[in-house]
Amino acid sequence: MAGTISSGLAMVKTLESWGVDHIYGIPGGSINGIVYALRDEEEAGNIKYIHVRHEEVGALAAVSDGRVTGKIGVAFGSAGPGATHLFQGVYDAKMDKVPTLFIVGQVGHGQMNMDFFQEQDESQLFSDGAYYNRTVVTAESLPHVVDEAIRQAYANHGPAVVVVPNDLAEAQIPADGYYPAAANFRKAEAPAPTDEEVDAALGLIKQAKKPLLYIGQGVRGAADEAMALSEKLQLPIAYAALAKDVIPYDFPALLGSAMRVASKPANEALAETDLILFVGSNFPFAEILFNPKAKFIQIDNNPAVLGKRHKTEVAMWADAKKALAKLSERADKAAESDWYKANVKNADNWREYNDHMMNKTDGDLRFEPVFKEINRIAEDDAFFSIDVGDVTQNSVRLIKNSGKQRWYTSGLFATMGSGLPGALASKLSFPDKQVFSLAGDGAESMVVQDLITETLYKLPIINVVFKNDELGFIVDEQEDDQQRRFGVSLGGVDFAKMAEAQGVTGISVTKQADLPKAFDEALEITKRGEPVLIDVQITGERPIPVEQLKLDADKFSAEEIEKFRKRYYAEGLKTLKEFESEG
């Protein structure tokens, strides 16, 4: 006789068969059966339970597990409020195409549809957000449904939700009555493009006067191919913010990202380009920002997005790495291009401006010198978990990524409070890597209670909070709308004290001269295996708005340009047009 096993334990073992080694959540009366199974497996030395202080933190951490490892992340919550707290993570995973599993408690079968305590129709709740969404109806099917959910999450690159009535997980089922499919699963891989597609694309690129390569996350793992093609065909490179860490910061023709969370050279080039080679991206602002008259070549492993963002001349359903390599292989080397040289000079000028701001010592403490210290102590393969707000655009511009470092944030859904959970995920999966959590005070306020999670699980994370006592990103929007500030004040919160109260060393910085010492101390603390938080009081001065530059003498008066340069310390910045005129 094979004997029996609890359905909940079979489910946990199914998770383990897929390589899941930790799971986030908070116990509750409607999910205790699963929690007991999780306890037994942890005590047996297998999966690890990470007890967060808010289900949303667990949900966002699970999504970041997928971002940084490529493996599915898992979080759970109990019925009712626990379920709704997971909701944010479901949409974060959906929008950024990250395979994630959410296990949701439910009241027992006998109480369902009876308006019972904390009961709700949870499958209906998640019907829009999840690619796979099921309520388990028998104990025997629980491990099978979870197995199916994981396969669907991987296949659809997004979230799966499994709702588990509370009376099922402790029920006994045959020990040989379930079989995970992890060993049989294969991820679909797009092919190389055809010779005809590649030659059609190369023909358009050859005709173009101002061609540009625009990359997204789909190019991760193909940086060498992208840089080689850039140099061979004289294509400057712009990227979607989520691909910030793909190409090294110092690649000469790297223009940065586009739109508002962006860099000056990328926005200027995209306004002038007459051809865009668009690879591995679904950039939502393309219709607003990209030159609508530009020829468009798109390469993506998801056929559903081909032709979605721009009138497209050549579309290739293909793997980015294979496509870039084949383009380079079949292309003749392009002649040296004035367009390419002008963009390289423009990128150099932008980097010089950033260095000038990071080395600024006069006046009150701004955000840029803080990034100088982050870059100084960051290891070559560090992980940067970036929250949402001004810190997103500032880190896109100022972190000098090596090409080996990881930079990630909540992208299309832009969930504030994602920085700390993302850092938890990285440190749990890569305990030997240096991990930063970078957040503004608005975003940190949403998740600060989970600093205790760093303490309890001994996660030596460097948390940096940029504190200007307001929602800076929204303040700037209100300025652009010519409106008075409203609803943006945060008051003065001492995050260093809040950290200390949770067992995390807190360091307060109010003067620029104190920055190097603070970051040196933070480095030593994390090397001892302990987390640290640096609370930096910065000014509320606005980062330079690269989406509305006032530097072009053909568009703005001398007075407007002088005012803009003075406000943003931009005396040394030149326009792309100026570099093009130099020949």
Side-chain angles (χ1 to χ4, degrees), residues 212-217 219-258 261-270 277 279-280 320-321 324 328 336-337 339-360 367-384 386 392-409 433-434 436 438 519 543-544 546 570 572-576 579 582:
L212 181 146
L213 172 58
Y214 189 95
I215 66 170
Q217 287 193 93
V219 181
R220 183 165 285 114
D224 290 343
E225 288 80 1
M227 291 186 286
L229 188 67
S230 166
E231 292 173 333
K232 188 170 188 177
L233 295 184
Q234 299 286 281
L235 303 169
I237 301 176
Y239 56 76
L242 292 179
K244 152 75 178 173
D245 55 353
V246 172
I247 307 293
Y249 177 87
D250 58 4
F251 181 68
L254 186 65
L255 307 181
S257 60
V261 178
S263 301
K264 168 185 171 287
N267 279 351
E268 291 177 299
L270 282 161
L277 175 56
V279 187
K321 188 177 182 75
L324 292 169
S328 197
E336 193 175 70
S337 157
W339 161 254
Y340 187 81
K341 287 192 292 185
N343 276 283
V344 168
K345 289 178 182 177
N346 198 27
D348 282 340
N349 181 238
W350 173 247
R351 284 188 283 262
E352 288 168 4
Y353 170 76
N354 287 334
D355 284 342
H356 167 68
M357 296 304 295
M358 284 191 279
N359 288 313
K360 199 171 179 300
F367 61 87
E368 292 97 343
V370 184
F371 280 95
K372 177 184 177 181
E373 298 304 317
I374 292 169
N375 286 323
R376 179 177 66 83
I377 71 166
E379 295 174 2
D380 192 47
D381 57 357
F383 283 68
F384 296 99
I386 310 298
T392 322
Q393 78 178 349
N394 295 336
S395 65
V396 161
R397 298 172 184 178
L398 299 174
I399 288 179
K400 297 185 175 183
N401 55 293
S402 65
K404 298 177 184 177
Q405 294 165 334
R406 286 300 313 270
W407 182 105
Y408 51 97
T409 188
K433 302 293 186 184
Q434 184 186 45
F436 291 83
L438 308 184
F519 278 85
I544 185 170
V546 297
L573 275 180
K574 297 171 70 173
T575 65
L576 173 59
F579 289 115
E582 292 175 4

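Scanning all heavy atoms of the two residues, the minimum distance from I386 to T409 falls at O-OG1, 2.7 Å. When all heavy atoms are compared, the tightest approach of L255 to S263 is O-CB, 3.5 Å. The two residues A347 and L254 come nearest to each other via the heavy atoms CB-O, 3.6 Å. For the residue pair N349 and K574, the shortest heavy atom distance occurs at OD1-N, 2.9 Å. Taking both residues in full, the closest heavy atoms of W407 and A241 are given as CZ3-O, 3.2 Å, listed atom of the first, atom of the second, then distance. Across all their heavy atoms, K244 and I399 have their closest contact at NZ-O, 2.6 Å.
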Set out, in order, the CA-CA distance, both residues' side-chain angles and the distance that settles salt bridge (charged side-chain N to carboxylate O under 4.0 Å, His left out) for R406 and D245, then state yes or no.
CA-CA 6 Å; R406 286 300 313 270; D245 55 353; 2.8 Å; yes
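Rounding to the nearest 0.5 angstrom, the gap separating the CG atom in D380 from the NZ atom in K433 is 9.0 Å. Interatomic distance, CG of L213 versus CG of L233, reported as 9.5 Å (0.5 Å rounding). Rounded to the nearest 0.5 angstrom, Q405 CD and E379 CD are separated by 9.5 Å. Distance CD1/I237 to CD1/I247: 4.5 Å, rounded to 0.5 Å. Atom CG of N346 is separated from atom CD of E268 by 4.5 Å, given to the nearest 0.5 angstrom. The structure places CG of L229 at 11.0 Å from CD of Q234, a figure rounded to the nearest 0.5 Å.
Between D250 and K400 there is no salt bridge, since no side-chain N of the basic residue sits under 4.0 Å from a carboxylate O of the acidic one. By the 4.0 Å N-to-carboxylate-O rule, R351 lies close enough to D348 to be salt-bridged with it.
Of the possible polar contacts, none joining the N394 side chain to the E368 backbone as a donor-acceptor pair under 3.5 Å is found. E373 contributes no side-chain N or O that, together with a main-chain N or O of F519, makes up a donor-acceptor pair within less than 3.5 Å. Of the possible polar contacts, one joining the S230 side chain to the L235 backbone as a donor-acceptor pair under 3.5 Å is found. For Q434 (side chain) and I377 (main-chain N/O), a donor-acceptor pair under 3.5 Å exists by modelled atom type. Judged purely by atom type and a 3.5 angstrom limit, K232 uses its side chain to pair as donor or acceptor with the backbone of S328. Checking side-chain atoms of E225 against main-chain N and O of L324 turns up no donor-acceptor pair under 3.5 Å. Put simply, the side chain of N375 gets close to the backbone of F371: a donor and an acceptor are under 3.5 Å apart.
Ring geometry for F383 versus Y408: interplanar angle over 60°, hence perpendicular rather than tilted (30 to 60°). Note: Y353 and H356 have tilted aromatic rings, judged against thresholds of 30 and 60 degrees for the angle between ring planes.
K341 is not listed as a side-chain neighbour of F579, based on a closest heavy-atom distance of 4.5 Å or more. The closest side-chain heavy-atom distance from L398 to M357 is not below 4.5 Å. Under the 4.5 Å side-chain criterion, counting only non-hydrogen atoms from C-beta, L270 is in contact with Y214. Between L573 and I544 the shortest side-chain heavy-atom distance falls below 4.5 Å. Residues Y239 and V246 form no side-chain contact, since every pair of their non-hydrogen atoms from C-beta on lies 4.5 Å or further apart.
Within 6.0 Å of atom CD in E582, more than 12 heavy atoms from other residues, nucleotides or ligands are found, so the atom counts as buried in its surroundings.
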